[in-house]
Amino acid sequence: MDLGVILVAAGSSRRAGCDKLYEDLGGGENALERSFRAFALLPGVKEIVVVSREDKLGENRALLERIESGAALKIVQGGESRTASVRNGLRALDPGIELCAVHDAARPFVSGKLILETWKAAEETGAACPVLPLKDTVLHAAGGMLDGRLRREEHFAVQTPQIFRQDAFRRAYEAFGEDQTDDCSVWIASGGKVTSVPGEESNRKLTTPADFERRKAPMDLRIGHGYDAHRFKEGRDMFLCGVKLPVPYGLDGVSDADAPLHALMDALFGAAGLRDIGWHFPPKDPAYLGISSMELLRRTLQILKEKGAEPLSADVTIVAEKPRLSAYIDDMRALLSQTLGCPVNVKATTEEKMGFTGREEGLSAHAVVLLKMEETK
């Protein structure tokens, strides 16, 4: 289902001790830009409505229009409360978009993986939200006196994005939108239930000065590049970026020879410092004869996860005179974005009839990825 996003950025930042959405978090980017970018290139995101403070309307438009996005951008003024701001965002959002996500711009480190997992759960059940288990004992207090314990295992810390079927969410907000602290509470007040999705520790909200200073710490970012090429072979299925193309020839290789995926895997391994695809999946091993490259990609991502590497973005270029790829690019982008859990761009070009691709003997592919490295598990 298509997704519309309401990015809530109308707060006063009183508790943060600074204008937290506009402070540089490293790399010349602030929290609002990072939050916007997390959704901007995900296939299926049709519109992003940014709910802004009145004094930041023009500045926010100029700031966000510079960022590449496949989604339409709208800027609207916030209200006196968070619920009033979300209501303003809902009124601006295209009502024809099936799903609505509400995300706090003060959570700038949300991952594409978490967005996609929450999105999928909302498609299936109507409403979904990421949550974290509580680590500390939680006690109830009345009049300053502790008088009872809550069952920690039955309570969770709620994060965003919170994603809902838009038509039902609009009705819930009009009827129950007052005096709620988040959007799941509105949905539950209307009689609905929300599917919980495992949240991420990194998706913390910037609220206090301590949160903000911690989030300014530099991340360990790595860039990797991959390249692959294969000859055409009659009588084989053609797979490119995991998508099967209706042509009477494929690519010659031990696996299904999906050259763009092989380039992407090499880029992922390279960024993480983990050698190359042939080292991990030796072509002489009969276990890999005819194997799907999408299966190899999933195994690659599992290896990276065990090493504490998380893809943040990827860019794939296919070099070919044939087949014509424009009709399949969107499917390729959607499949790879969902698989990697981050924005993936796919594009195609030719070499103007030069070289082996120009002679239509085969095709080649390049990939560049950006990874975030955590402490090795």
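The figures here come from the full heavy-atom set of this structure, side chains too, leaving out hydrogens, waters and symmetry mates. All of these numbers come straight from a predicted model, not from anything done at the bench.
A salt bridge is defined here as a Lys NZ or Arg NE, NH1 or NH2 lying under 4.0 Å from an Asp or Glu carboxylate O, and D182 with R82 fails to meet this definition. The pair E23-K20 does not meet the salt-bridge criterion, since no charged nitrogen lies less than 4.0 angstrom from a carboxylate oxygen. We find that E310 and K113 are not joined by a salt bridge, their nearest charged nitrogen and carboxylate oxygen being 4.0 Å or further apart. Ion pair E117/K120 not flagged as a salt bridge, since none of the NZ, NE, NH1 or NH2 atoms sits closer than 4.0 Å to an Asp/Glu carboxylate oxygen.
Side-chain atoms of S52 never come within 3.5 Å of backbone atoms of I75 as a donor-acceptor pair (strictly under, hydrogens ignored). No donor-acceptor distance shorter than 3.5 angstrom exists from the side chain of D228 to the backbone of A365, with no hydrogens or angles considered. The main-chain N or O of A287 is found under 3.5 Å from a side-chain atom of D285 such that the two form a donor-acceptor pair. Of the possible polar contacts, one joining the T125 side chain to the A127 backbone as a donor-acceptor pair under 3.5 Å is found. Here the side chain of T317 pairs no donor or acceptor atom with the backbone of A348 at under 3.5 angstrom. A donor-acceptor pair under 3.5 Å is absent between the side-chain atoms of E321 and the main chain of E360, judged by distance alone. N345 places no side-chain N or O within 3.5 Å of a backbone atom of D315 that could act as its donor or acceptor partner. Here the side chain of S35 pairs no donor or acceptor atom with the backbone of L32 at under 3.5 angstrom. Side-chain N or O atoms of D104 include none that pairs as donor or acceptor with a backbone N or O of V8 at under 3.5 Å.
Within a 6.0 Å radius of CD in Q338, other residues, nucleotides and ligands contribute 12 heavy atoms or fewer. Within 6.0 Å of the CD atom in E54, the count of heavy atoms belonging to other residues, nucleotides or ligands does not exceed 12. The 12-atom threshold is exceeded at CD of Q302, counting heavy atoms of other residues, nucleotides or ligands nearer than 6.0 Å. When the shell of 6.0 Å around CD of E124 is examined, it contains more than 12 heavy atoms from other residues, nucleotides or ligands. Within a 6.0 Å radius of NZ in K347, other residues, nucleotides and ligands contribute more than 12 heavy atoms. Applying the 6.0 Å contact sphere to CZ of R299 captures more than 12 heavy atoms from other residues, nucleotides or ligands. The neighbour count for I223 CD1, taken as heavy atoms of other residues, nucleotides or ligands under 6.0 Å away, does not exceed 12.
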As a quick check of understanding, evaluate side-chain hydrogen bond (donor to acceptor under 3.5 Å, both in side chains) for H280 and T300, giving each step before the final call. CA-CA 9 Å; H280 290 277; T300 298; over 6 Å; no

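Nearest approach of P198 to L114, heavy atoms of both residues: O-CD1, 3.4 Å. A pairwise comparison of heavy atoms in G242 and D258 identifies N-OD2, 2.8 Å as the closest pair. Here the closest non-hydrogen pair linking L363 and V319 is CB-O, 3.3 Å. Nearest approach of L312 to P343, heavy atoms of both residues: O-CD, 3.5 Å.
Between atom NZ of residue K46 and atom CG of residue D94 there is a gap of 11.0 Å, rounded to the nearest 0.5 Å. Here CD1 of I6 is found 6.5 Å from CZ of F169. Values are rounded to the nearest 0.5 Å. Taken from CG in L7 to CG in L73, the straight-line distance is 10.0 Å, to the nearest 0.5 Å. If you take CZ on F356 and OG on S364, they are separated by 4.5 Å, rounding to the nearest 0.5 Å. In this structure, CZ on F239 lies 11.5 Å from CE on M332, to the nearest 0.5 angstrom. Of the inter-residue distances, the one linking L41 atom CG with R333 atom CZ reads 6.5 Å to the nearest 0.5 angstrom.
When the options E352, E351, K322 are evaluated for a side chain to side chain donor-acceptor pair (under 3.5 Å) with T357, the one that passes is E351. The side-chain contact (heavy atoms from CB on, under 4.5 Å) with K233 is formed by just one residue from the set H230, R236, R231; it is R236.
The aromatic rings of F269 and F281 lie tilted to each other, with the angle between the two planes from 30° to 60°. By the 30° and 60° cut-offs, the orientation of the rings of H225 relative to H366 is tilted.
Side-chain heavy atoms closer than 4.5 Å link hydrophobic residues (I, L, V, M, F, W, Y) into clusters, and following such links, even through other members, never connects L132 to V197.
Side-chain atoms of E200 and S111 include a donor-acceptor pair closer than 3.5 Å.
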